[in-house]
Protein chains: 2
Amino acid sequence: MSLPHALLTSLLERPCSGLDLASRFERSIGHFWQASHQQIYKELGRLEAAGWVSSAPAEGGRGRKRLYQVLPAGRRELERWVQDVQDANPLRDELMVRLRAEAALGPTGVSNDLRHRLDQHRSKLALYREIEARDFSAAELSRERRLQYLVLQAGIMHETHWMTFCEQALSLLAELHAAPAED
Amino acid sequence: MSLPHALLTSLLERPCSGLDLASRFERSIGHFWQASHQQIYKELGRLEAAGWVSSAPAEGGRGRKRLYQVLPAGRRELERWVQDVQDANPLRDELMVRLRAEAALGPTGVSNDLRHRLDQHRSKLALYREIEARDFSAAELSRERRLQYLVLQAGIMHETHWMTFCEQALSLLAELHAAPAED
DNA sequence: ACAACCATGTAAGTAGTTACATGATTTA
DNA sequence: TAAATCATGTAACTACTTACATGGTTGT
């Protein structure tokens, strides 16, 4: 449950409204922790009730727009949380279930899924590479930038890793199809 | 939502009871799709209601033990599902949020988490290597075995990848700690 | 005035987790 | 006969998703 802390982090970088948060999320932390605007609004309500953020009607914006800011208690909570220890994410992927099903059933059609994923990983990787070139290509990066870059590198590794896997899986399936059932 | 299909796959490999499924899950498909026994029982109920599996009181076992088997309709459903296409898993990891928080807050204590995860990835990898040596070291593997091995290889890649990342993160943090705040 | 869109929500539902309940069978 | 453990569940809760609702602002 790290959405509240993801929001605190993002608001700490720059105070803004709920919808701003939602759209910035999509371009930044949201690559690593997704959230819909509904979820964000609900969570902002909780954060305010907990005394971790304050909100005020925004002047620049229109309608009911509110500006959220992290309060000292929110910053302390984030500092506390960063030191928490959590178990590693187990691998949990429908594709693995599909492959096991394909193993049990005989030749069916996982390659659909594999090709689809390969495309998605490719374009995600291209996006990350753009961000890398735009934001992290300077010779000297600040401490903050270097850590943000580290997170982006995790994303790059993730996409690269799964692209490789999909390719490997596709070539195994092709080989099995070419020389079927030897057992 | 692939638990029903994970259960169908596992039952197809070998019919068994709910608790057997739960424990086999932990050693096999459960490495890639986790489920508690409560969830499994509930899902088995649904599978039976849908006419995808049948159940009968088990003779060998004790108490209320029931033996579950995949029906033809269940097999057809699994064949249909394998050909579905699903979006690639986005990276979604609390650790990334922690690192972004560390970037925004200044030096705190993510290294706790990193060391903890590194340990877990190491032991998971060791387990996978054992399984690899035990089940997949033969010169010639059947089609089914080769596909199962592919899935295991995904697990090995996953653990290796994240071990590397944790090490990289720890060394960056050490470097930043040694030569602090140049911006 | 009307469409488009900015901004904030409510409502209903699902998957999954955690804690607890219950009965039946071995084993000490 | 009591403890352990096998086996199957119920109940309550949380995070998250999907679909829908509402009102204010800007542009035409």
Side-chain angles (χ1 to χ4, degrees), chain A residues 1-8 10-11 15-26 29-50 53-68 81 86-87 89-94 97, chain B residues 1-8 10-11 15-26 29-50 53-68 81 86-87 89-94 97:
Chain A
M1 213 268 292
S2 52
L3 179 59
H5 302 95
L7 295 180
L8 286 173
S10 198
L11 284 177
C16 64
S17 73
L19 207 66
D20 289 345
L21 249 187
S23 68
R24 276 174 50 204
F25 234 65
E26 262 176 53
I29 296 188
H31 289 305
F32 313 106
W33 197 271
Q34 301 77 35
S36 63
H37 74 270
Q38 293 92 330
Q39 226 184 323
I40 287 173
Y41 284 122
K42 194 184 292 180
E43 198 58 52
L44 281 172
R46 282 184 207 154
L47 292 180
E48 193 167 14
V53 303
S54 66
S55 79
E59 275 121 45
R62 56 184 172 179
R64 297 180 277 171
K65 186 167 182 170
R66 302 187 68 77
L67 185 77
Y68 286 87
W81 176 82
Q86 207 220 0
D87 285 350
N89 274 10
L91 178 53
R92 184 188 180 85
D93 195 328
E94 251 191 63
V97 182
Chain B
M1 217 269 292
S2 51
L3 179 58
H5 302 94
L7 295 181
L8 286 173
S10 198
L11 283 176
C16 64
S17 72
L19 206 67
D20 288 346
L21 249 188
S23 68
R24 277 174 50 203
F25 233 66
E26 262 175 52
I29 296 189
H31 289 305
F32 313 107
W33 197 272
Q34 302 76 36
S36 62
H37 74 271
Q38 293 93 329
Q39 225 184 323
I40 288 173
Y41 283 123
K42 192 185 296 179
E43 199 57 53
L44 281 173
R46 283 184 206 152
L47 292 180
E48 193 168 14
V53 303
S54 66
S55 79
E59 276 121 46
R62 56 184 172 178
R64 297 181 277 172
K65 185 166 180 170
R66 302 186 68 77
L67 186 78
Y68 286 87
W81 176 82
Q86 206 220 1
D87 285 349
N89 275 9
L91 177 52
R92 182 186 181 86
D93 194 328
E94 252 191 62
V97 182

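Within every chain, numbering begins at 1; the chains are lettered A, B, ... in the order of the sequence lines, protein sequences first and strands thereafter. Computed over heavy atoms, backbone and side chain alike; hydrogens, waters and symmetry mates excluded.
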With respect to the side chain of B:Tyr41, which nucleotide from D:dC16, D:dT22, D:dT8 is positioned closest?
D:dT8

Check whether any side-chain heavy atom of A:Tyr41 sits under 4.5 Å from a side-chain heavy atom of A:Leu19, and report yes or no.
yes

C:dG9 P sits how many Å from A:Leu21 CG, rounded?
13 Å

A:His37 has an atom NE2; how far is it from atom P of D:dC20, in whole Å?
13 Å

Rounded interatomic separation in angstrom, taking CG from A:Leu67 and C1' from C:dT8:
15 Å

In whole angstrom, give the distance that lies between atom CD of B:Glu43 and atom C1' of C:dA15.
9 Å

Short side-chain N/O contact from B:Arg46 to OP1 or OP2 of C:dT14, under 4.0 Å:
no

Tell me: CD of A:Gln86 to P of D:dA15, nearest whole Å?
13 Å

From NE2 of B:His5 over to P of C:dA15, roughly how many Å is that when rounded to an integer?
12 Å

Is any side-chain heavy atom of A:Phe25 less than 4.5 Å from a side-chain heavy atom of A:Asp20?
no

May I have the distance from A:Asn89 (atom CG) to D:dA15 (atom P), rounded to whole angstrom?
16 Å

Test item: A:Leu21 and A:Tyr68 side chains (from C-beta on) under 4.5 Å apart, heavy atoms
no

Does a donor on one side chain and an acceptor on the other come within less than 3.5 Å for B:Ser17 and B:Arg66?
no

If the cut-off is 4.0 Å, is A:Arg66 near the phosphate of C:dG9, judged by side-chain N/O to OP1 or OP2?
no

note: B:Gln39, atom CD; D:dT8, atom P; distance rounded to Å ~ 16 Å

Assert: residue with more 5' nearest nucleotide on DNA chain D, out of B:Lys42 and B:Gly18, is B:Gly18

Would you mind telling me which of C:dG16, D:dA7, C:dA7 lies closest to the side-chain atoms of B:Trp33?
C:dG16

What nucleic acid atoms does B:Gln34 come within less than 4.0 Å of, heavy atoms only: base, sugar-phosphate, or nothing?
nothing

Side chain of B:Ser36 (C-beta onward), nearest among D:dC16, C:dT17, C:dA7:
C:dT17

Do A:Trp81 and A:Ser2 have side chains that get closer than 4.5 Å, going by heavy atoms?
yes

Given D:dC16, C:dG16, C:dC6, identify the nucleotide with an atom nearest to the side chain of A:Leu19.
C:dC6

Residue closer to the 5' end of DNA chain C, B:Leu3 versus A:Tyr68 (nearest nucleotide):
A:Tyr68

Does A:Gln38 have a side-chain nitrogen or oxygen under 4.0 Å from the phosphate oxygens OP1 or OP2 of C:dG9?
no

Phosphate-side-chain proximity, A:Arg64 and D:dT25, N/O vs OP1/OP2 below 4.0 Å:
no

